[in-house]
Amino acid sequence: MKIQNIFERDVTRNINGVIKADQTDEVSRWVELDEYVVTKEIQDCLDVFFNGYNNTTNKDCCGVWIRGFFGSGKSHLIKILSYLFENKPVTKDNQTKTPLQFFSEKIEDGLLMGEITKAVQNTDTDVILFNIDTVANQFGNTMLSAFQSVFDEKMGFCKKYAYVADIERFLSVQGKFDNFVQNLKLAGLDWFEIRDRGIEWYSKEIDAALGATLGMSAEEANKIRAERKSNYALSVESFVDGVEQYLKSNPKKRIVFFVDEISQFIGTDNSKMLN
C-alpha cells in the first residue's frame, strides 16, 4: 500500500490556497462546504454569531467584525456563512446537498444546529458577498460607492453608473421599469446591454421610451432624466433609504452584506477609516 491510499480523499486533487469571495462556481462551492472543518473555536464563534443574529430586533445594531491574523481563515468563514444564509443546493457527481445539510454532518451540538437552522430556514435572506478592495477600486474607491454598487447589482439595477441605477429605481418604485425596458426594446435596443456603456449614446431612443412610459413627450422626459442626473448625489442617507425602501416593500426579507478584505482596503489611510 502507498501512503496516498490511506487518505479518504484524493491527495492529488486541486486545493485552493486562498479562498476568494468572487469564486463561486459549483465545484468550488462543493469543495469549500465539504472540506470546511468546524473546530472548537469556530463552533464557539458560530454559537455567538447565530445567537446574536436570531435575537436581534430591528432597532438593534447588527454588525459583526471578524478579526484574525493573515491566513487564519477570515475570508473562508464569511464565505461559508454566506453559503449558509443563501442555502442554495450544490451538486457534484449526481449528488445534491444544501449548505445546511453539510453543516448538520459537522456539528454535533443540537442547540447550535437549531440556531443555525432557525436563521437559515425561517427567514428570506438576500446575501451580498463581495471583496470591497476589488469593488471599490472600480466604482469610486470609497466604502459607500462599493456598498451602493453591489446593492444596485443585487436589485437588478446598473452597478456601473449610480445615477443610472437611480433612474431605474425611480421607475421601479412606480411599477414602470419593466414597461420602460419593453418600450426601449420596441426601438431595437436592449436596456441591459446599453446601460453600462453610457446611456448618453442612446439619449434619443431612451427619452422616447421614457416619455412613452411616463405619458409625456420625449422633450419632457429628457428634462426629467437630466434633472435626476444633475441632482443625484451619492450619500449614506440615499443608500440607507434605498435599502429601507426595498425591505419595506418586502417585509419578510433581510439583507446581509458579507464584506471581505476591509482591513486591506483601509490600510493606513485615515480618510478611508473614517469613511
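Along the sequence shown, residues are numbered consecutively beginning with 1.
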Practice task
Go through the steps for Ile255 and Tyr246 under the test side chain to side chain contact (heavy atoms under 4.5 Å, CB included), then give the verdict.
Solution key: CA-CA 10 Å; Ile255 296 177; Tyr246 172 71; 3.6 Å; yes
Any side-chain heavy-atom pair from [X] and [Y] closer than 4.5 angstrom?
| X | Y | result |
| --- | --- | --- |
| Val236 | Leu144 | yes |
| Cys158 | Phe192 | no |
| Glu32 | His76 | yes |
| Lys229 | Ile167 | no |
| Ile194 | Asp190 | no |

Tell me every residue that passes side chain to side chain donor-acceptor pair (under 3.5 Å) with [X], counting only those two or more places apart in sequence or in another chain.
| X | value |
| --- | --- |
| Asp44 | Lys40 |
| Asp196 | none |
| Asp47 | Asn51 |

Could you tell me which residues satisfy salt bridge (charged side-chain N to carboxylate O under 4.0 Å, His left out) with [X], sequence neighbours excluded, listed by chain and number?
| X | value |
| --- | --- |
| Asp109 | none |
| Lys253 | Asp124, Asp126 |
| Glu115 | none |
| Lys248 | Glu244 |

Quick check: does any side chain N or O of [X] sit under 3.5 Å from a backbone N or O of [Y], one acting as donor and the other as acceptor?
| X | Y | answer |
| --- | --- | --- |
| Thr91 | Asn94 | no |
| Ser149 | Ser145 | yes |
| Lys118 | Met113 | no |
| Lys106 | Leu33 | yes |
| Lys154 | Val127 | yes |

For [X] versus [Y], what's the shortest heavy-atom pair and its separation?
| X | Y | result |
| --- | --- | --- |
| Ile132 | Val259 | CB-CG1, 3.7 Å |
| Leu129 | Ser82 | CD2-OG, 3.6 Å |
| Ile116 | Leu100 | CG2-CD1, 3.8 Å |
| Ala165 | Phe157 | CB-CB, 4.0 Å |
| Thr96 | Pro89 | CG2-CB, 3.8 Å |
| Thr213 | Ala209 | OG1-O, 2.7 Å |

Flag yes if [X] and [Y] sit in one hydrophobic cluster, no otherwise; membership is Ile, Leu, Val, Met, Phe, Trp, Tyr, and two members link when side-chain heavy atoms are under 4.5 Å apart.
| X | Y | result |
| --- | --- | --- |
| Leu171 | Leu186 | no |
| Val173 | Trp191 | no |
| Phe50 | Leu111 | no |
| Trp201 | Tyr163 | yes |

Exercise for the section: With side chain to side chain contact (heavy atoms under 4.5 Å, CB included) as the test, would you mind laying out the steps for Asn131 and Gln264 before giving the verdict? Expected result: CA-CA 10 Å; Asn131 182 318; Gln264 179 176 309; 5.7 Å; no
Exercise for the section: Could you tell me how the ring of Phe239 sits relative to the ring of Phe151: parallel (under 30°), tilted (30 to 60°) or perpendicular (over 60°)? Expected result: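 Ring orientation of Phe239 relative to Phe151: perpendicular.
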Handout entry: Plane angle bin for Tyr53 and Phe49 - parallel if under 30°, tilted between 30 and 60°, otherwise perpendicular
Key =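 Aromatic pair Phe49/Tyr53 classed parallel.
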Exercise for the section: Step by step, work out the salt bridge (charged side-chain N to carboxylate O under 4.0 Å, His left out) result for Asp260 and Lys74. Expected result: CA-CA 8 Å; Asp260 197 16; Lys74 301 183 297 298; over 6 Å; no
Practice task
Please assess Trp65 against Ser263 for the test side chain to side chain contact (heavy atoms under 4.5 Å, CB included), listing each intermediate value before the final yes or no.
Solution key: CA-CA 11 Å; Trp65 178 274; Ser263 296; 3.7 Å; yes
Problem - Phe180/Phe170 aromatic ring centres below 6.0 Å - result: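 No: the rings miss the under 6.0 Å criterion.
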Exercise for the section: Kindly state whether the ring of Phe130 and the ring of Phe147 have centres lying under 6.0 angstrom apart. Expected result: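 Phe130 vs Phe147: aromatic centres under 6.0 Å.
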Practice task
Carefully, step by step, assess Phe258 and Tyr83 under the rule ring-ring contact (aromatic ring centres under 6.0 Å, His included).
Solution key: CA-CA 11 Å; Phe258 291 96; Tyr83 288 157; 9.8 Å; no
Problem - Any pair counted as salt bridge (charged side-chain N to carboxylate O under 4.0 Å, His left out), so long as it reaches residues 165-176, sequence neighbours left out - result: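 Non-adjacent pairs meeting salt bridge (charged side-chain N to carboxylate O under 4.0 Å, His left out): Asp152-Arg169, Asp166-Arg169, Asp166-Arg228, Glu168-Arg195.
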Exercise for the section: Using the salt bridge (charged side-chain N to carboxylate O under 4.0 Å, His left out) rule, collect all pairs that involve residues 88-99, keeping only residues at least two apart or in two chains. Expected result: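 The answer is Lys97-Glu105.
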Working to the nearest 0.5 Å, report the span between [atom1] of [X] and [atom2] of [Y].
| X | Y | atom1 | atom2 | result |
| --- | --- | --- | --- | --- |
| Lys160 | Glu153 | NZ | CD | 13.0 Å |
| Thr125 | Leu84 | OG1 | CG | 11.0 Å |
| Glu261 | Thr134 | CD | OG1 | 8.0 Å |

Under 3.5 Å, which donor-acceptor pairs do the side chains of residues 216-227 form with other protein atoms, sequence neighbours left out?
unit_1 : atom_1 : unit_2 : atom_2 : d
Ser217 : OG     : Glu220 : N      : 3.1
Ser217 : OG     : Glu220 : OE1    : 3.2
Glu220 : OE1    : Ser217 : N      : 3.0
Asn222 : ND2    : Asp207 : OD2    : 2.8
Arg225 : NE     : Asp207 : OD1    : 2.8
Arg225 : NH1    : Glu200 : OE1    : 3.4
Arg225 : NH1    : Glu200 : OE2    : 3.3
Arg225 : NH2    : Asp207 : OD1    : 3.3
Arg225 : NH2    : Asp207 : OD2    : 3.3

Problem - N-O pairing of Glu86 and Arg29 below 4.0 Å - result: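 Looking at Glu86 and Arg29, the cut-off is met.
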Exercise for the section: Would you list the pairs meeting ring-ring contact (aromatic ring centres under 6.0 Å, His included) in which at least one residue belongs to residues 86-120, sequence neighbours left out? Expected result: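 Sorted result for residues 86-120: Trp30-Phe102.
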Exercise for the section: Answer yes or no: are there more than 12 heavy-atom neighbours, outside Arg67 itself, under 6.0 Å from its atom CZ? Expected result: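 Not more than 12 within 6.0 Å, no.
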Practice task
Given side chain to side chain contact (heavy atoms under 4.5 Å, CB included), test Leu77 with Leu81 step by step and report yes or no.
Solution key: CA-CA 6 Å; Leu77 177 57; Leu81 285 171; 4.2 Å; yes
Practice task
Considering only Ile, Leu, Val, Met, Phe, Trp and Tyr, and joining two whenever side-chain heavy atoms are under 4.5 Å apart, list the other residues clustered with Val11.
Solution key: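 So far as hydrophobic clustering goes, Val11 is joined with Met1, Ile3, Ile6, Phe7.
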